[in-house]
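Input: a single structure, listed below in structure tokens.
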Amino acid sequence: MTGIAVVWLDIAARWIHVIAAIMWIGDSLLFMWIDSHLRPDPESRADVAGVTWLLHAGGYYHLEQRRLLPGRLPPYLRWFWLEATTTWISGFLLLILVYYLNADALMIDRGVSHLTAAQSIAVGLAMLPAGWFLYDALWRTPLARAPLPAWSVSFALLAGTVYAVTHLLSPRAAFLHVGAVLGTIMVVNVWVHVLPPQRRMLQAARSGRDVDYSLGRHAKIRSTHNTYLTFPVIFLMLSQHFPSVLAARPLWVVLVLFVVLGAGARHVMLAGIPAARWSGVAAAAAAVVLGLLIVARIPPSPRGPSGTLGEAASAPSFAAVRGIIAQRCAACHSETPVMPGIAAAPNGVKFDTPAEIEARAALIKLRAVDLGSMPPGNVTHITDAERDILKRWVEAGAPLK
């Protein structure tokens, strides 16, 4: 597949991914909000579990939650599964296109670990099923009947996963793969724990048998889990655009705090908080935000020197390469950026020292040569001849002489 084809497939997959995610998240949050705002039926009908009224477009909607009863089913029921499935499939395609096909540049950080490209991909792929099986196994145990301990263990497992992956993959890849794990948990919940119980309830009602409503309660529990993961996943997907966050240390603490903040925001928005508890909620939110501010001020741990990729006599001189990078790249990618509107090096990528330039050689070739996406809009006016010098230097092994 050519580079141009990959770029356009990337664009299409991102568009589909965002649209499907908006639909899935919107549906999920709306249903959860409706469930938490149902009122007793004024007519006390046996088959109506609750009612609510929504104001919109100059009128109101009267919503009723009706129980599935034999012989009293509507002619049509809308199933919600395509949005979740499309979101996950398009997201996994993006993982392949953006990260796995460019693992040398985007999955690896020599200052974090010394994994090979293949090993980093293996770590990323293994995380998805492993995260699901750990989560699902926990919530199938008797501990699930005690929500607070179960949530505590779940949080500990997530924190341990975050710590491990931030010490194996590059910051960008670590954040994105934690989001992919949470997204996988959410979509498999839909496939395994939300749709099948509802299908069995519907089949029972259609065949005239008694309906087991505990199946619906089980599905509701897993749907509730999904909504608590929604806001953290949104942040993790957007984190690629926040270089200051990715540069903060310790990175795993930053990620965990954002997960807590997102889950807490969901609880406030959908479950509601009694007025008497708002002071406690405000104090907890302030503590999380303060924690983020504190860890964000801790300077990144020093990067160790990376090994050379090999040298060749025909390579352009490093002096020529460094001159190009200083003139065309360092306005943004340095400890003290001078480009207007840039407060910190994007994605934490800096080219202040020879070691930093050498460590990002593959990334330089990918973005400045293969895709031509850097500098953005060619704001620093890099020439084709300069791009060719960078290309030949990387292909020669990125020698520092």
Side-chain angles (χ1 to χ4, degrees), residues 20 23-54 60-88 129 132-151 153-154 182-230 266-267 269-272:
M23 294 296 294
W24 180 21
I25 292 169
D27 290 340
S28 177
L29 294 180
L30 178 61
F31 276 115
M32 199 62 59
W33 185 92
I34 291 172
D35 283 347
S36 65
H37 288 76
L38 288 175
R39 298 174 179 270
D41 178 28
E43 301 176 29
S44 300
R45 290 166 290 181
D47 62 334
V48 177
V51 299
T52 192
W53 299 265
L54 304 179
Y60 70 88
Y61 295 82
H62 181 195
L63 302 183
E64 300 177 345
Q65 185 190 53
R66 290 179 175 266
R67 298 182 178 90
L68 293 171
L69 296 176
R72 302 187 63 177
L73 295 176
Y76 174 75
L77 285 170
R78 168 71 159 86
W79 289 85
F80 292 86
W81 63 269
L82 185 61
E83 298 87 346
T85 304
T86 303
T87 301
W88 191 88
W132 158 255
F133 284 119
L134 276 174
Y135 155 80
D136 191 53
L138 171 65
W139 285 91
R140 288 178 183 268
T141 67
L143 193 65
R145 292 194 288 269
L148 183 58
W151 276 111
V153 175
S154 298
L182 299 182
T184 298
I185 290 173
M186 292 169 64
V187 77
V188 181
N189 266 341
V190 172
W191 294 338
V192 174
H193 292 289
V194 176
L195 296 178
Q198 294 182 87
R199 188 174 291 112
R200 290 197 293 272
M201 294 172 67
L202 189 59
Q203 290 171 346
R206 283 175 174 165
S207 63
R209 294 181 283 111
D210 290 338
V211 177
D212 181 1
Y213 294 108
S214 67
L215 294 172
R217 290 191 291 272
H218 172 80
K220 176 67 177 295
I221 290 172
R222 294 304 181 106
S223 292
T224 301
H225 291 182
N226 280 3
T227 59
Y228 275 102
L229 299 179
T230 295
R266 177 270 178 216
H267 188 78
M269 290 179 65
L270 295 184

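Quick caveat, the model's predicted, so the values are computed rather than measured.
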Arg217 and Ile221: side chain to side chain contact (heavy atoms under 4.5 Å, CB included), yes or no, with the steps? CA-CA 6 Å; Arg217 290 191 291 272; Ile221 290 172; 5.7 Å; no

Gly216 versus Met201, closest heavy-atom pair with distance: N-SD, 3.3 Å

When rounded to the nearest 0.5 angstrom, what distance separates CD1 in Ile34 from OH in Tyr61? 12.0 Å

Mark yes or no for whether Thr86, through its side chain, and Leu82, through its backbone, hold a donor-acceptor pair below 3.5 Å. yes

Kindly assign one of parallel, tilted or perpendicular to the pair His193 and Trp132, based on the angle between their ring planes and the thresholds 30° and 60°. tilted

Taking the side chain as everything from C-beta on, heavy atoms only, tell me whether Met186 gets closer than 4.5 Å to His225. no

Rounded to the nearest 0.5 Å, how far apart are OH of Tyr135 and CD1 of Ile185? 7.0 Å

Minimal non-hydrogen separation, Ala150 against Ala144, with atom names: CB-CA, 4.2 Å

Assess Arg78 against Tyr76: is NZ or CZ under 6.0 Å from the centre of the six-membered ring, and within 45 degrees of the ring's axis? no

Once you round to the nearest 0.5 Å, how far does OG of Ser207 lie from CG of Leu202? 9.5 Å

For atom CZ of Phe31, decide whether the heavy atoms of other residues, nucleotides or ligands shown that lie under 6.0 angstrom number more than 12. no

Between Trp191 and Trp88, how do the two ring planes meet: parallel, tilted or perpendicular, split at 30° and 60°? perpendicular

Could you tell me the separation between the OG1 atom of Thr224 and the CG atom of Asn189, rounded to the nearest 0.5 Å? 10.5 Å

Side-chain donor/acceptor pairs under 3.5 Å, residues 38-52, sequence neighbours excluded:
{"unit_1": "Asp41", "atom_1": "OD1", "unit_2": "Glu43", "atom_2": "N", "d": "3.3"}
{"unit_1": "Asp41", "atom_1": "OD1", "unit_2": "Arg45", "atom_2": "NH2", "d": "3.1"}
{"unit_1": "Asp41", "atom_1": "OD2", "unit_2": "Ser44", "atom_2": "N", "d": "3.3"}
{"unit_1": "Asp41", "atom_1": "OD2", "unit_2": "Arg45", "atom_2": "N", "d": "2.8"}
{"unit_1": "Asp41", "atom_1": "OD2", "unit_2": "Arg45", "atom_2": "NE", "d": "2.9"}
{"unit_1": "Arg45", "atom_1": "NH1", "unit_2": "Glu64", "atom_2": "OE2", "d": "3.2"}
{"unit_1": "Arg45", "atom_1": "NH2", "unit_2": "Glu64", "atom_2": "OE2", "d": "2.7"}
{"unit_1": "Asp47", "atom_1": "OD2", "unit_2": "Arg66", "atom_2": "NH1", "d": "2.7"}
{"unit_1": "Asp47", "atom_1": "OD2", "unit_2": "Arg72", "atom_2": "NH2", "d": "3.2"}
{"unit_1": "Thr52", "atom_1": "OG1", "unit_2": "His37", "atom_2": "O", "d": "3.4"}

How close do Val187 and Ala84 get, counting heavy atoms only, and between which atoms? CG2-O, 3.4 Å

Check whether any side-chain N or O of Tyr213 sits under 3.5 Å from a backbone N or O of Leu68 as a donor-acceptor pair, and report yes or no. yes

Could you tell me the separation between the CG atom of Asp35 and the OG1 atom of Thr227, rounded to the nearest 0.5 Å? 10.0 Å

Is the shortest side-chain heavy-atom distance between Leu63 and Leu54 below 4.5 Å? yes

Hey, could you give me the CG/NE2 distance between Asp212 and His218, rounded to the nearest 0.5 Å? 11.5 Å

Would you sort out whether Phe80 and Ser28 count as a side chain to side chain contact (heavy atoms under 4.5 Å, CB included), showing the intermediate values? CA-CA 9 Å; Phe80 292 86; Ser28 177; over 6 Å; no

For Val190 and Asn226, run side chain to side chain contact (heavy atoms under 4.5 Å, CB included): C-alpha distance rounded to whole Å, both residues' side-chain angles, the deciding distance at 0.1 Å, then the answer. CA-CA 9 Å; Val190 172; Asn226 280 3; 3.8 Å; yes

Compare every heavy atom of Thr141 with every heavy atom of Leu138, then report the nearest pair and how far apart it is. O-OG1, 2.6 Å

Test log, rule side chain to side chain contact (heavy atoms under 4.5 Å, CB included), inputs Val192 and Arg222: CA-CA 10 Å; Val192 174; Arg222 294 304 181 106; over 6 Å; no

